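Below: one structure, written as structure tokens.
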Number of protein chains: 2
Amino acid sequence: MGEADLARLAAIAQPMSISEGRAFIAEGDPAEHFFNITAGTAKLFKLLPDGRRQITGFASIGSFLGLAVSVTYAFGAEAVEPVHLCRFSRPRLRTLIDDLPAMEKRLLEVASNELVAAQEQMLLLGRKTARERVASFLLARRDPPAAALVSLPMARTDIADYLGLTIETISRTLTRLRNEGLIDLPSPTRVRLLDPAGLNTLATGLS
Amino acid sequence: MGEADLARLAAIAQPMSISEGRAFIAEGDPAEHFFNITAGTAKLFKLLPDGRRQITGFASIGSFLGLAVSVTYAFGAEAVEPVHLCRFSRPRLRTLIDDLPAMEKRLLEVASNELVAAQEQMLLLGRKTARERVASFLLARRDPPAAALVSLPMARTDIADYLGLTIETISRTLTRLRNEGLIDLPSPTRVRLLDPAGLNTLATGLS
DNA sequence: CGTGTATTTGACTTTGTTCAACACGCGTGG
DNA sequence: CCACGCGTGTTGAACAAAGTCAAATACACG
């Protein structure tokens, strides 16, 4: 994309700040906007009528939200940490994308990668044990991918709803990993991976 | 897409027939091809080293496979029923797509829809009970979407690996739904939905 | 008609949930 | 400054849903 294209994009972007805990997409609402997160972390989730919740992913800097074709959002979104984002009117973005093949291509790449991540998560939810899920989660949250320190900005409830478990199981599993010397828990929101290789063995079910 | 474009597409398409039970994509193999299914049903799956399997979806006529960006396939694929498909060399298709914005657009639509389906499946795997999963599965497999008769070309093992359950639980749950008058099971591969509304209540967790 | 596979059913086990109590950190106000 | 209250996290004990193991039945195919 050239500079002129970026300028056109910037012209229709509405920058916004979302404070912690605020929802900015409601599942089922008319899908009028498209979002690009520029800072912070948001959780994306689906709900059952009785309140059960599945967090389908955490979106942070660079993530695109709302590219579904449907007229309504298929998921809700809420800030876990204060979020900065750019909002785009879908019809306006649509006309812009239509003569920016590079943008379309980029979106297809993004969607493809998310699809791969979604399949990995299905494997986790359908076939992994609680220990394997937590180990996988900790490894996946490393940034950079070799870092020993992992920060968990989301609450236990969110981790539980992401991994298809309860907060009690998350808590017990983390404690057990600590007792086994695989991790350290300097604070509830910080984890130090003491044995990444061991965690990886666990995460891939080889233990 | 114009007729000339379709002709160019057809020129690089390699039609193939895959017999039942044959794998045609192996997870981890170099992603050299792109597939378009023209008949039959295939299962897509991911494996853990110890053999646990998660089926991430069933692909049938019209499905596109292998659009991930990665150099290797993130999933395996195997014919459930005899499959007819067109295979495309990825580099050749890439050059073709690059000057067919309509095709790129179509692929983005497909990917977006699959993403929505994947999120729905994560909700199912992470938060629904066995009964809710089976009810959701039966309703989703209706074709047309209001049909009372559902055919299950895949074995119980495949249903189990798709719903994150065991074959025994699938079997017991179907029997129980039959005993409760919600469905009829004329044969293991055929299900008649006697009370779609009741099943829907179940599937959405409202019971 | 027999053989092998897929499915169903039954008895028992296990993993993770539920319910409940307790600990900890933190901000507010006495 | 410290007691109090509240939200979040941890731990324990009882429970339940689904899994495992095993056996019986049904089914398709040679």
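Not measured: the values here are computed from a predicted model.
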Subject >> Base-contact (B) and sugar-phosphate-only (S) positions in nucleotides 11-20 of chain D, heavy-atom cut-off under 4.0 Å, - elsewhere >> reply: BBB----SSB
Subject >> Sequence-distant partners of I61(A), side chain to side chain contact (heavy atoms under 4.5 Å, CB included), two or more places apart >> reply: none
Subject >> Pair T56(A)-K46(A), side-chain donor/acceptor within less than 3.5 Å >> reply: no
**OP:** Measure from CG on L174(A) to C1' on dT8(D) and round the result to the nearest Å.
**Re:** 14 Å
Original post:
Any salt bridge between E104(A) and R94(A), counting N to O under 4.0 Å?
Top reply: yes
Original post:
Less than 4.0 Å between a side-chain N and a carboxylate O, is that true for R87(B) and E32(B)?
Top reply: no
**OP:** Could you pull out all residues at least two apart from R127(A) that satisfy side chain to side chain donor-acceptor pair (under 3.5 Å)?
**Re:** D161(B)
**OP:** With axes from five pairs an end, tell me the bend angle of the helix from dC1(C)-dG30(D) to dG30(C)-dC1(D), nearest 10°.
**Re:** 30°
Original post:
Is the side chain of S171(B) donor-acceptor paired with the backbone N or O of I167(B) at a distance under 3.5 Å, no angle test?
Top reply: no
Original post:
Should E180(B) and R176(B) count as an ion pair when the cut-off is N to O under 4.0 Å?
Top reply: yes
Could you list the protein-to-nucleotides 27-30 of chain D atom pairs, N/O on both sides, closer than 3.5 Å?
none

Original post:
Can E78(A) and R22(A) be counted as an ion pair, charged N to O under 4.0 angstrom?
Top reply: no
Original post:
Using a heavy-atom cut-off of 4.0 Å to chain B, what are the terminal contacting nucleotides of DNA chain C, in 5' to 3' order?
Top reply: dT7(C) to dA11(C)
Subject >> From CG (L139(B)) to CG (L199(B)), nearest 0.5 Å >> reply: 5.0 Å
Original post:
How are the rings of F24(B) and F35(B) set relative to one another: parallel (under 30°), tilted (30 to 60°) or perpendicular (over 60°)?
Top reply: perpendicular
Original post:
Does the gap between the ring centers of F137(B) and Y162(B) come in under 6.0 Å?
Top reply: yes
**OP:** Would you check if the side chain of R133(B) reaches a backbone N or O of L125(B) as a donor-acceptor pair within less than 3.5 Å?
**Re:** yes
